[in-house]
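As C-alpha cells, the structure follows; a few thoughts come after it.
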Amino acid sequence: MRYPKVSECVDVFEALWPTALAESWDSVGLAVGDPDAEVRSILLALDPMDAVIAEAVVLGSDLVFNHHPLMLKPVKSVNAATLKGGAVHTLISNDIALFNAHTNADSARGGVSDVLISLLGIDDAQPLVPHGEGLTTGIGRVGDLATPTPVRDIARSLSNSLPRTTTGVRIAGDPAATVTRVAVCGGAGDSLFNEVRASGAEVYITADLRHHPATEARDTANRQEGRPQLIDVSHWASETVWLTAAAQQLETEFADRGLTVALQHSAVNTDPWVERY
Ligand SMILES: [Zn+2]
C-alpha cells in the first residue's frame with residue numbers, strides 16, 4: 001500500500017462520481033492542486049467555506065473533498081483580497097488540493113438523493129430525471145414506502161435520522177395525508193416540480209423551498225389530486241448524510257487500487273443558520 005498522488009485521487013473520484021453525470025451548468029473536478037503531489041489525508045466537507053479550509057490547514061490535510069464548488073461562476077482573478085481568491089491562496093500556500101463532486105454525486109448510484117431516500121427505508125428508488133435512457137443515474141429519486149404513512153410521520157422520521165438543524169423539517173400541504181410514493185431531491189429541488197408530479201409522487205422531500213415555488217406547487221396540487229405534499233429539510237442536512245456513504249465508497253475504492261489515505265470528516269457545520277426564535 002502506498003499514498004496516492006492527487007491525480008490518482010481524481011481517478012478514484014471519477015470512478016465513483018463520473019464527470020459525465022454532472023449538469024452542464026455545474027463546475028466539478030479538481031479546482032486547485034498539483035496532480036503530481038502526494039496525498040496522505042483527505043478532509044471531507046460539503047462546502048469550501050473559509051472555516052473548512054482553515055481546518056484543513058490545521059489538520060495538515062493534503063486534499064479537501066467538497067460537494068459544493070468553490071467557483072461555480074467563473075472568476076476573473078484570484079486576488080487574495082477577494083473571497084474566492086483568498087481561499088485559493090490559502091489552499092496553494094499550504095499545498096492543499098481542492099476537489100468537488102456536485103451534481104455528478106447527486107446523479108450517481110448511491111449518491112446524495114439515494115442516501116436521502118434510503119433514510120426512509122427505500123432502497124430501490126429510480127431517478128426523477130434519468131441521465132440518458134434506461135439508466136439508474138440521474139437527478140432526484142422516487143420510490144415507494146413499504147406501507148402508507150402520514151406525511152407528519154415521515155417528517156418526524158427525517159427529523160430523527162437527519163442531523164439536528166436550526167431550520168428543522170417543515171411540511172406544506174396536509175400533514176395528515178397518507179402517502180406511499182415519495183420523491184426526494186437532496187439540496188435545492190424547487191426546479192423539479194413537473195418531474196415530481198409526472199412521477200406520481202404523493203410527497204416531495206427537498207431543501208431550500210421558497211415561498212413562491214411552494215405556494216404555486218400547493219395550488220397546482222389542490223387543483224389536481226392534492227399531491228404532492230411538501231417536506232422541506234435543511235440543505236446542509238439533506239446532503240451531509242451522503243458524506244458518510246461517500247467515505248465508505250472511497251475507503252473501498254482506494255484499497256482496491258492498493259492505495260492508502262486517511263479520510264477525515266470536517267467538524268465544521270456549514271449550515272449557515274444558527275439560531276431561531
Ligand atoms: Zn447542495
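Whatever order the structure lists them in is the order used to number ligands and atoms, beginning at 1. On a predicted model such as this, the values are computed, not experimentally measured, just so you know.
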Just say parallel, tilted or perpendicular for the rings of His235 and His68, cut-offs at 30° and 60°.
perpendicular
Does any N, O or S atom of His67, backbone or side chain, fall under 2.8 Å from the Zn ion (ligand 1)?
no
Shortest non-hydrogen contact from Arg152 to Ile171?
CA-CD1, 3.7 Å
Look at the N, O or S atoms of His68, main chain and side chain alike, and state whether any lies under 2.8 Å from the Zn ion (ligand 1).
yes
Atom name, His235 (N, O or S, nearest to the Zn ion (ligand 1)):
NE2
Between Asn222 and Arg218, does any side-chain donor sit less than 3.5 Å from a side-chain acceptor?
yes
The Zn ion (ligand 1) reached by Glu239 (N, O or S, under 2.8 Å)
yes
Side chains of Ser41 and Gln264: do they bring a donor and an acceptor to under 3.5 Å?
no
